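Scroll down for the structure; my scribbles are underneath it.
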Amino acid sequence: MSGLVFACCSAGRPEMLVKKTLKTLARGGFTGPLWLVVPGDEMIQYQQAVAGNPVICMIVTSERGLVKQRKKFRSTMLPGTEIVFVDDDLDAIKILAHGDLVHCTNVVSLANYVFEVMAESGDDCLLAGIYPVCNRDWMKPTITENNGYIVGAMYFIKNDERLVEPDEDELEDWSRCLSEQRAGRPVLKFNWVGISTKYWGNKGGMQMTRTDAKRLEKVEQYASQFYGLVKMVLRRNGKPDLKYVAKPKLTELTLPAHLQQAEAEAASEL
């Protein structure tokens, strides 16, 4: 299969998937198919949970583990396939339009636009992402090239063997974007698209195996492995994290008319 596809890797969260991500995608005019990659022993639970949903789901089974699930899905897709990976706990996808945040009402058009911009950046652009939160004061009508964190909750890839998946789940999104930038390929972040989700607050998924010790180990590893590109910092909550050393290149964006929302709608959706 080639072309544009949407995929979601999930484990232990069939009900959450339905209540959050499927609802969010449906709000964005998406009817499917959404490819679900789930552990083999949970396939029946997911089949039952998504039955009759407005978003049609196709289920692929895999070994348990986020990285393994993503690798499995990519192996089933033809080279060149444009893949949008989304998490199973997205509360909203919003865009910055007319200075306000509005729900994205056409996620397929949004994805097509992202891949068009990636193509304009050259054949070497294999990875793009969005702003990790929805915040009108922080999001900007710009596109970041390099030195920008590509959060794993929603990102866009071209299925190319040069884009190597990480070996471990912890900080897999950091590993992916750092490896691409170190390889000399441009990595884009669309700062006018944001998502709402509880990164560490929802049960299931990676929360079943994630620990502070694992995170610290990976932060220290990547700060050393990609020395000069990122450094280790501590968040206000005390969690270790990575930060780019250099500032990104920013390009001002004129949002295409078909992605903009009316100001009246923008005000009502805040």
Side-chain angles (χ1 to χ4, degrees), residues 4 6 8 20-30 34 55 82-121 125 127-157 173-174 176-177 181 186-202 235-236 241 243-244 246-270:
L4 174 66
F6 282 68
C8 177
K20 293 181 177 289
T21 296
L22 294 191
K23 182 178 179 180
T24 296
L25 291 176
R27 185 194 294 128
F30 185 79
L34 173 67
V55 176
E82 296 172 339
I83 303 174
V84 183
F85 276 110
V86 294
D87 271 4
D88 55 13
D89 56 355
L90 297 186
D91 290 308
I93 301 170
K94 293 188 177 183
I95 63 175
L96 183 68
H98 303 289
D100 279 320
L101 289 180
V102 298
H103 287 290
C104 177
T105 57
N106 196 324
V107 294
V108 173
S109 289
L110 171 64
N112 283 330
Y113 176 75
V114 169
F115 283 112
E116 287 172 7
V117 175
M118 290 173 65
E120 292 171 358
S121 299
C125 184
L127 174 64
I130 48 83
Y131 207 76
V133 298
C134 288
N135 188 304
R136 181 177 55 183
D137 296 326
W138 298 346
M139 295 165 64
K140 305 294 180 183
T142 60
I143 297 176
T144 295
E145 180 178 335
N146 294 335
N147 298 331
Y149 169 52
I150 305 300
V151 66
M154 181 177 181
Y155 66 100
F156 309 75
I157 69 165
D173 46 9
W174 267 109
R176 186 180 300 104
C177 60
Q181 189 169 336
V187 176
L188 305 181
K189 181 160 72 75
F190 292 73
N191 299 310
W192 50 275
V193 184
I195 54 173
S196 292
T197 184
K198 295 180 180 178
Y199 284 101
W200 292 284
N202 291 320
R235 295 185 173 189
R236 291 181 179 178
D241 207 349
K243 182 179 180 180
Y244 280 95
K247 293 183 178 181
K249 173 185 176 182
L250 294 177
T251 301
E252 294 292 330
L253 172 76
T254 300
L255 195 63
H258 70 282
L259 292 177
Q260 295 194 49
Q261 310 294 323
E263 289 185 277
E265 179 184 353
S268 67
E269 295 288 2
L270 290 177

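Quick caveat: nothing in here was measured; it's all calculated off a predicted structure. Numbering starts at 1 and runs along the sequence shown.
Every residue meeting the side-chain contact (heavy atoms from CB on, under 4.5 Å) condition with Asp173, not counting sequence neighbours, appears here in chain and number order: Tyr149, Val151, Arg176. Looking at residues two or more places apart in sequence or on another chain, you find a side-chain contact (heavy atoms from CB on, under 4.5 Å) between Cys125 and Met118, Ser121, Pro186, Leu188. Residues meeting the side-chain contact (heavy atoms from CB on, under 4.5 Å) test with Lys140, sequence neighbours left out: Thr142.
The main-chain N or O of Asp91 is never found under 3.5 Å from a side-chain atom of Ser196 such that the two would form a donor-acceptor pair. Side-chain N or O atoms of Asn147 include one that pairs as donor or acceptor with a backbone N or O of Lys247 at under 3.5 Å. A donor-acceptor distance shorter than 3.5 angstrom exists from the side chain of Asn135 to the backbone of Trp138, with no hydrogens or angles considered.
The two residues Phe156 and Ile130 make their nearest non-hydrogen contact at CE1-CG2, 3.9 Å. The nearest pair of heavy atoms linking Ile195 to Met154 is CG2-SD, 3.9 Å. Contact between Asn146 and Pro248 at its shortest, heavy atoms only, is O-CB, 3.1 Å. Residues Ile95 and Cys104 approach most closely at CG2-CB, 4.3 Å, considering heavy atoms. Ile150 approaches Ala128 most closely through the heavy-atom pair CG2-O, 3.8 Å. Of all heavy-atom pairs spanning Ala153 and Leu90, the tightest one is O-CD2, 4.0 Å.
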Q: Before giving the answer on salt bridge (charged side-chain N to carboxylate O under 4.0 Å, His left out), spell out for Asp89 and Lys20 the whole-Å C-alpha distance, their side-chain angles and the decisive distance to 0.1 Å.
A: CA-CA 5 Å; Asp89 56 355; Lys20 293 181 177 289; over 6 Å; no
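Contact of the Leu259 side chain with the Asn106 side chain is not registered, since no non-hydrogen atoms from C-beta on lie closer than 4.5 Å. Here the side chains of Ile143 and Leu250 are not in contact, with every heavy-atom distance at 4.5 Å or above. Using a 4.5 Å cut-off on side-chain heavy atoms (C-beta onward), Pro256 and Tyr113 make contact. The shortest side-chain heavy-atom distance between Arg27 and Thr105 does not fall under the 4.5 Å cut-off. Within the 4.5 Å cutoff, no side-chain heavy atoms of Phe190 are placed close to those of Met139.
Ring centroids of Tyr155 and Trp174 are separated by 6.0 Å or more, keeping the two rings apart. Less than 6.0 angstrom separates the ring centroid of Phe30 from the ring centroid of Phe6.
The distance from atom CG of Leu255 to atom CH2 of Trp192, rounded to the nearest 0.5 Å, is 5.0 Å.
A donor and an acceptor atom, one from each side chain of Thr144 and Asn191, are located under 3.5 Å apart.
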